[in-house]
Amino acid sequence: MAQEFAFTFPLPNGLHARPASSLCRAVSRFGSGIVFSNRRTGLSANGRSILALVATLTKHGDECSLRIDGEDEEAAAESLRRFITDDFPNCDEALPARPAPPPGGRVLPRVLREPSARVRAGFPASGGIARAPVLTVRGSGAYPDVDSQTKGTTAAELAKLQSALAVVETALRGRMNDTRNATQFAILGAHLSILSDPELRTRLEAEVRSGEVTAGRAALATADHFAAILRASESELLQERALDLEDLGAQIVRALYGPPVDARPADLREDAIVVAGALAPSQLIALEKGHLRGIVLAQGGRTSHTVILARALGIPCVTGVSGIERWLADGEDVVVDGERGLVVARPSPAVRRFYELEAGKLAAFKARAEAFRAARGTTKDGTRLEVAANVGSLAEARLAFEAGAEGIGLFRTELLFMDRAEPPSEDEQAQIYSETARAAAGRPVIVRTLDVGGDKPIPYLDLPHEHNPVLGCRAVRMYDDHPEIVEAQIRAILRASATGNVKLMFPMISSLEEIRTLRTLVRRFMGELASGGIAYNPRLEIGIMVEVPSAALTVDTLAREADFFSIGSNDLAQYVLAVDRGNEKVARLYNFLHPGFLRVLAQVTADARVAGKWVGLCGELGGSELAAPLLVGLGLDEISMSTPSLATMKAAVARCDTAECRDLVAAALASETAADVEALLRRFAAARHAGSLVAPEAVRLGSVSRTRAEAIREMVDLLHLAGRVDDPDAVEDAVWQREEVYSTGVGFGIAVPHCTSSAVLATSIAVAQFASAVDWDSLDGQPVEMAFLVAVDASAAGEEHLKTIAGLSRRLMDDEFRASLLAAGSAAEVVTLLRDAVVVP
Amino acid sequence: MRIVAVTACPTGVAHTYMAAERLEKAARRLGHLIKVETQGSMGIENELTVEEIERADVVIFAAEVAVRNRERFEGRRIVEVGIQAAIKDPDRILAGLGG
């Protein structure tokens, strides 16, 4: 007589893998057959199979039952009933807090906050905006080539499968023993229990026994089968388990056929957004033939070579969006917002319109910077500041020169050594460096020798796995172990120095001995080249990266051996601030504007100047528009940045006055906090607008905005383009917060949306006159013909401007004044009318 | 009639001044004596004196936020209206004052 009892499913997150495995454990203590049923979904499962249990798609509150049939059914029923009431409700914890969508606490644009918007947030790795259909690409290292395997007899395939399963199991147990990370331990444990799941085993063997497929195909098909079930679930938690199954499938296949072949994606024939777990730089290069519009990666931080390459090629890229390959389907319409680090699937017409306007705005910014492309990097008062590019390949260098680079401030050579079986030869390198020097046509090319360590795996170097790679055997510290590689690279750079303006730079120097040893080595190679009759530049400049604090503090003595210095601001900041910014828990402490870090920079530049050596800066700080006045004030001779920043930074430098910038640096060094420095920089940037409240470029006549939302966004964007607002999303949000109190449509066909926000650089008015009147939910119910958006700077709250705005508000109540504004034929006329009305400055 | 009024709105950037303007204009057109104090982003302006409040026949508060220094008006006849109403139809507010 079978036993059966019913219960209401108690767990808030449904029956996912973790509770399923504890139910499984409870069930397996008994010999009876035990079936779990869900009345709502109508699905049943063998109580011993985690996968089958999970596949019942059970949610909190579902009516469920357990049916027990067998020898020990009474004891089992008794025990399981107690288990379900007492223990089961405690075997899961609350759903992990969902990551906050806006990265860095930024406000999402309003249109993306609609409940229907499908938005995922990641890291904005490469700027720009793109929209195209999705193409998923299997990242590197996924599968060996399964399809080309020949099938043996069914018995042989079964045997292969069993031994592969055993290999994977042993490997999982081994890794569980090795790991000290609790999360990793739990994941490995989950993989192990899935691997021994009876339903999985049955299905695997049935596939092979069908006699039609190889063991590898069977493994992939089985993994796909269960992954599809999980993916169909409504629970995000269950959907994520699908990845585990795919991972396990790949592990079995690797155990069967060895390591993966290089996954070469097919050529893109149409515009696409490529979506992948991870993407090797070589894959990106293979894909980029003009149709690669954007990239979304589940992994990939902010400084991987793929990301650096995407940035150099100007391809929008968002990284760190976990599970993105499952969230997006091939062919699905998607927007990649590389400015904010967002991915928007199936955008609504309003979202599409928003992004068209955003793309238009970016293009306008670009067009304006374009005027500076061919310009020399100089300040307003004529101080020279060379604006150069950071590159990792010859192709990137060519792009940089087209974009106006005045030199290559940093040629990272690591990329040449990655994704290959052996290091590039001296000849190969000499050719690449020489070609770059020729492309530079006399402009300097600073080649930095290899900077790799335990965190960047290069198989043939056999680098040790280190506990703390950034403080370990990286860059010049590993040169002693690889003399042949160092020799080939330095000789190649020397040979290239005969063909153009090449300079040699060593990374991670921390002491005078290191640079002395390396100089001796260079002299030896020079001697060998000379005796071999091979040309090189005997006066080749040899410089060092300043990225280790001990080097930063001894520039005066290092200057005896170094011909120039280049500050590696990313690494130097990491070491000075003791922050790994890849670590989310401490990333917020990583700030280039920390007064302590700025003091180090000031000492480096001052000491280099006293020593008569030139000093540059490569790293992200070099491309920061807000920080440009600091870079000028510090007295750098060169700044080097990623290619898309070149023109913007030339424009930013051209706005600077050297004396003002020196005062700014003095004030920054004396500041108490990074936030103070940032406020200082923002005030400095706003100063150029100080004299005016309304400018012709912030007036749009004949606006085609159709809705209040569009109109507000348009006016905020006008202020953004005019450089008066630096976070348009935050300003838009502030305007709407006010708008939601009650409409600013005051009647008479006008609206006065307004806000006070710290994202406003300079208090300003934007004006839009609409081609067809816009509904504003106005006091008098009439649509709006003209809107005046007032954005007030929260920090300064300039009294004069507020007075003007008050006066203007009063004047807008005057029929004749409004009539004259509506009749204005040009933006300039609107500005004049507003100015004359209340003596607007 | 002698009227004193206070206008105030949430951000104090625009509506405070628009309402003041509308009330002043309408009152003058209708032959009333009016003084409007604005409580906005620039603080209190055109501040009402004790004497002006004493002599007024009626006090209008056109405010979306609490009126500052409200105790000055204790014992006076106060008509409270929304700031939007003051902008939309000040004539109607004035007509509703009677007297």
Side-chain angles (χ1 to χ4, degrees), chain A residues 693 731 734-757 760 763-765 776-782 787-794 796-818 837-838, chain B residues 3-30 32 34-48 60-68 80-96:
Chain A
L693 189 57
V731 173
V735 169
W736 272 102
Q737 278 178 22
R738 170 61 192 82
E739 207 70 24
E740 274 154 8
V741 178
Y742 54 85
S743 168
T744 60
V746 292
F748 327 107
I750 64 161
V752 189
H754 55 271
C755 73
T756 301
S757 163
V760 175
T763 297
S764 305
I765 300 177
W776 213 280
D777 199 11
S778 293
L779 288 180
D780 61 359
Q782 296 302 305
F788 304 83
L789 185 137
V790 181
V792 178
D793 166 14
E799 188 89 345
E800 278 311 299
H801 284 332
L802 289 173
K803 209 176 207 159
T804 308
I805 291 162
L808 203 56
S809 302
R810 285 173 177 271
R811 290 286 283 141
L812 284 172
M813 297 296 98
D814 182 281
D815 299 341
E816 276 179 41
F817 182 59
R818 285 196 309 272
V838 271
Chain B
I3 303 169
V4 293
V6 176
T7 60
C9 67
T11 37
V13 169
H15 286 65
T16 302
Y17 306 101
M18 290 180 179
E21 184 74 12
R22 293 280 286 166
L23 284 171
E24 286 167 6
K25 277 201 170 151
R28 278 174 203 141
R29 185 160 30 79
L30 295 170
H32 300 300
I34 190 166
K35 181 174 178 185
V36 185
E37 173 180 308
T38 52
Q39 299 189 354
S41 53
M42 287 175 297
I44 295 177
E45 287 180 298
N46 207 27
E47 186 166 2
L48 297 170
I60 300 174
F61 285 169
E64 297 292 335
V65 290
V67 169
R68 279 175 271 175
E80 299 206 35
V81 298
I83 198 153
Q84 303 178 75
I87 295 173
K88 188 180 175 190
D89 202 348
D91 287 20
R92 192 163 152 190
I93 292 169
L94 296 172

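All values derive from a computational prediction rather than experimental measurement. We name chains A, B, ... by the order of the sequence lines, and we start the count at 1 in each one.
Contact of A:R738 with chain B is made through the side chain alone, with heavy-atom distances under 4.5 Å. Using a 4.5 Å cut-off between heavy atoms, B:T38 contacts chain A through its side chain alone, with no backbone atom that close. With a 4.5 angstrom heavy-atom cutoff, B:A85 does not touch chain A via any of its atoms. The contact between A:F748 and chain B is made entirely by side chain atoms (from C-beta outward), counting heavy-atom distances below 4.5 Å.
For the pair A:S809 and B:M18, the tightest heavy-atom approach, listed with the atom from each and the gap, is O-CG, 3.4 Å.
Note that CD of B:Q84 is 5.0 Å distant from CG of A:L779, once rounded to the nearest 0.5 Å. Rounding to the nearest 0.5 angstrom, the gap separating the NZ atom in B:K88 from the OG atom in A:S778 is 10.5 Å. Between atom OH of residue B:Y17 and atom CG of residue A:L802 there is a gap of 7.5 Å, rounded to the nearest 0.5 Å.
Within a 6.0 Å radius of CD in A:E740, other residues, nucleotides and ligands contribute more than 12 heavy atoms. With a 6.0 Å radius and a threshold of 12 heavy atoms from other residues, nucleotides or ligands, B:R68 has its CZ atom above the threshold.
Within the 4.5 Å cutoff, the side chain of A:D814 has heavy atoms near those of the B:K25 side chain. At a threshold of 4.5 Å between non-hydrogen side-chain atoms, the residues B:R22 and A:V746 do not count as touching. Looking at B:T11 and A:H754, their side chains come closer than 4.5 Å, going by heavy atoms from C-beta outward.
When each of A:S743, A:G807, A:A806, A:C755 is scored by its heavy-atom pairs under 4.5 Å with chain B, the top score falls to A:A806.
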